[in-house]
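Contents: one structure, followed by commentary.
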Amino acid sequence: MTEVSIPFPFAEVDYPSYSVFPVAGLAALAGFASLAAVGGVASTWIRQTTDDLELDDAEWLAIGFPLTAGGSVAAVLFLGPIAIPVFAALLLIELFLFFKKRDAVVAEQRQFLRKGGLRALKSEIQTVIRRTRAGNDENPAEPGSRSLTGRFSEFRERLQKSLARPPKSTSAAGARKRRGNDPHRDEQAPPADSQGFIFLKKDGAVAVDASPGSSGLSDNIHNTKRILQKAMELLATDVHFEPHDDGYAARLRVDGVLMDADSISTGEGKGVAQAIKVMSDMNIAERRRPQDGTFSIQAGTDKYDVRVASSPTSYGEKLVLRLLKTSGGILSTGLDGIGVRKRVLEQLRAIIHKPYGMFLVAGPTGSGKTTTVYAALSEIDAKQHNITTIEDPVEYRLDNITQIAVNTKADVSFASILRSVLRQDPDVLLVGEIRDRETAEIACQAALTGHFVFSTLHANDSVATITRLLDLGLDPTLLQTAVTAVLGQRLARRLCKACKEPCEPPPGLTKKFNLDEGAVKHIYREKGCSACGGTGYKGRIGLHELLIVTDEIREQMTAQPSVNALKAAAIKNGTVLLQLDGFLKVLQGHTSVSEILRVTT
Ligand SMILES: [Zn+2]
């Protein structure tokens with residue numbers, strides 16, 4: 001056996017320097033170990049963050065860290081302790097590059113390369129430390145049951161989760177996006193539980209303060225809070241609380257579809273129903289006649305108005321609660337929050353800031369018409385304009401705006417209120433819905449006499465809106481001169497970001513956009529996972545077609561209009577029809593072909 005000669009440069013390096021071993025050698029080892037630990041934690045975090053934020057192009061960064069860590073082992077062996085600062089610098093550069101990528105897509109207060117973001121990060125880390133400690137204190141019966149490494153990995157896990165969580169946003173669209181982006185939502189979610197939770201009466205007085213830490217709350221309040229919290233978390237629009245032969249069931253309407261959420265015993269259910277009726281000022285002794293009432297909830301910084309309707313069923317009283325988020329949401333994001341394409345957004349803004357005219361939003365029930373109209377209205381300066389709304393019922397509350405509710409029982413109709421409001425020098429009017437000829441006529445006249453009128457109409461699309469108004473008996477010349485634009489609208493379900501799977505686009509799709517075969521490599525279809533309850537969809541996205549009334553369109557608005565001629569004129573003027581707008585959103589990966597076909601045909 002010959003002696004193996006050690007090749008250059010290994011032989012040339014005086015590492016470890018045994019003469020000073022305890023100091024330099026230990027320092028080198030410690031330096032290397034901490035470098036490897038930082039590299040490991042950072043690479044896991046980066047991988048998770050790239051997943052959550054869907055940063056495809058940052059993949060190399062995620063594999064960069066293990067490579068760096070491996071490289072540093074080699075370097076320490078070859079170069080000695082000097083390798084540590086070199087590779088620490090490399091790590092920092094990689095982290096810096098990644099932060100830059102991440103900062104480009106997250107909210108300002110979470111950008112690490114900014115002051116506000118660093119402050120938020122610091123408090124985030126403090127929260128995690130506090131929670132980890134609290135978590136350990138919860139188990140005083142088993143002191144020391146968790147090893148140091150166990151604690152460290154738990155701490156790391158919590159920190160990663162809270163850092164990876166996509167940006168906090170106050171908007172409904174943001175919340176939806178957050179849900180879609182975040183597959184870990186369910187495990188880490190309820191910061192909701194650590195926030196205040198106060199039930200308010202109609203007049204704003206506190207009914208029950210059910211914030212964490214409040215004492216003496218009844219089971220009824222706990223159950224009510226649990227059901228409503230779940231509804232808020234899932235962005236439900238309605239809660240159905242209904243008695244069956246073996247108990248009460250709570251079902252939630254999420255993205256337009258009902259889903260089971262909770263079930264409790266008959267006794268508990270009656271308690272919840274009673275608590276809700278008390279809070280909404282309903283007569284608790286009356287169970288045989290339908291009633292309605294309202295209350296509000298202040299949950300953390302979010303505020304909800306809840307409209308309650310009761311009806312007797314064979315098993316007892318059923319309650320349906322409609323949740324309306326009055327804070328943040330569409331009113332704070334304006335038209336940016338409704339998902340229109342950029343070009344349409346620019347056109348919409350130009351239209352709604354005109355001094356007079358009429359803007360109509362059309363679609364079937366549940367297509368988001370009201371939300372769009374409010375989003376548009378919220379962009380108008382309420383201090384400089386006298387804005388009045390006439391609604392049935394008042395859905396969103398706006399500051400500095402006069403809101404009037406229609407009361408058909410008292411014979412207070414859209415038309416009669418509109419007439420009186422016009423005598424109060426309004427600039428901008430919102431007429432909740434045009435249902436009859438009288439309302440349509442007064443609204444058109446208002447639009448012609450220096451007011452801007454917003455309204456909605458139950459019609460399939462923008463062209464159908466024109467024929468519908470003519471069918472109501474509206475004079476074509478009035479229509480021609482008063483209407484500025486019509487927005488046709490639909491809501492399609494958004495594909496769940498956690499599970500959508502790529503598929504080949506059908507050949508007809510690329511042809512529709514005059515694209516070359518193979519120009520679009522793949523689109524997505526629904527699959528289903530635990531994050532979306534197996535449906536493959538989560539949240540919704542609006543489809544829009546904007547018909548601007550130009551001279552060419554006006555010519556077609558005759559007493560007997562041809563739908564095809566109107567459509568052709570609209571397309572010639574640049575209107576992208578609903579279905580096509582939907583397919584554009586398919587190409588962008590937001591939704592699927594089958595969903596667009598479901599909502600547009
Ligand atoms: Zn899914």
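Starting from 1, each residue takes its place in the sequence as its number. Order of appearance sets the numbers: ligands from 1, and atoms from 1 within every ligand.
A salt bridge links Glu317 and Lys277; the closest N-O separation between the charged side-chain nitrogens and carboxylate oxygens is under 4.0 Å. Between Lys230 and Asp262, no side-chain nitrogen of the basic residue sits less than 4.0 Å from a carboxylate oxygen of the acidic one, so the salt-bridge criterion is not met. Of the charged side-chain nitrogens involved, at least one lies within less than 4.0 Å of a carboxylate oxygen, so that Asp336 and Arg349 count as a salt-bridged pair.
By the ring pair (Phe, Tyr, Trp, His ring centres under 6.0 Å) test, Phe359 is found to be paired with no residue, residues two or more places apart in sequence or in another chain being considered.
More than 12 heavy atoms of other residues, nucleotides or ligands sit less than 6.0 Å from atom NZ of Lys318.
Excluding water, every protein N/O/S atom under 2.8 Å from the Zn ion (ligand 1) is given here by residue and atom: Cys496 SG, Cys499 SG, Cys529 SG, Cys532 SG.
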For salt bridge (Lys or Arg N to Asp or Glu O under 4.0 Å), just list the numbers for Asp292 and Arg307, CA-CA rounded to whole Å, side-chain angles, deciding distance to a tenth of an Å, and then say yes or no.
CA-CA 7 Å; Asp292 48 55; Arg307 272 212 307 271; over 6 Å; no
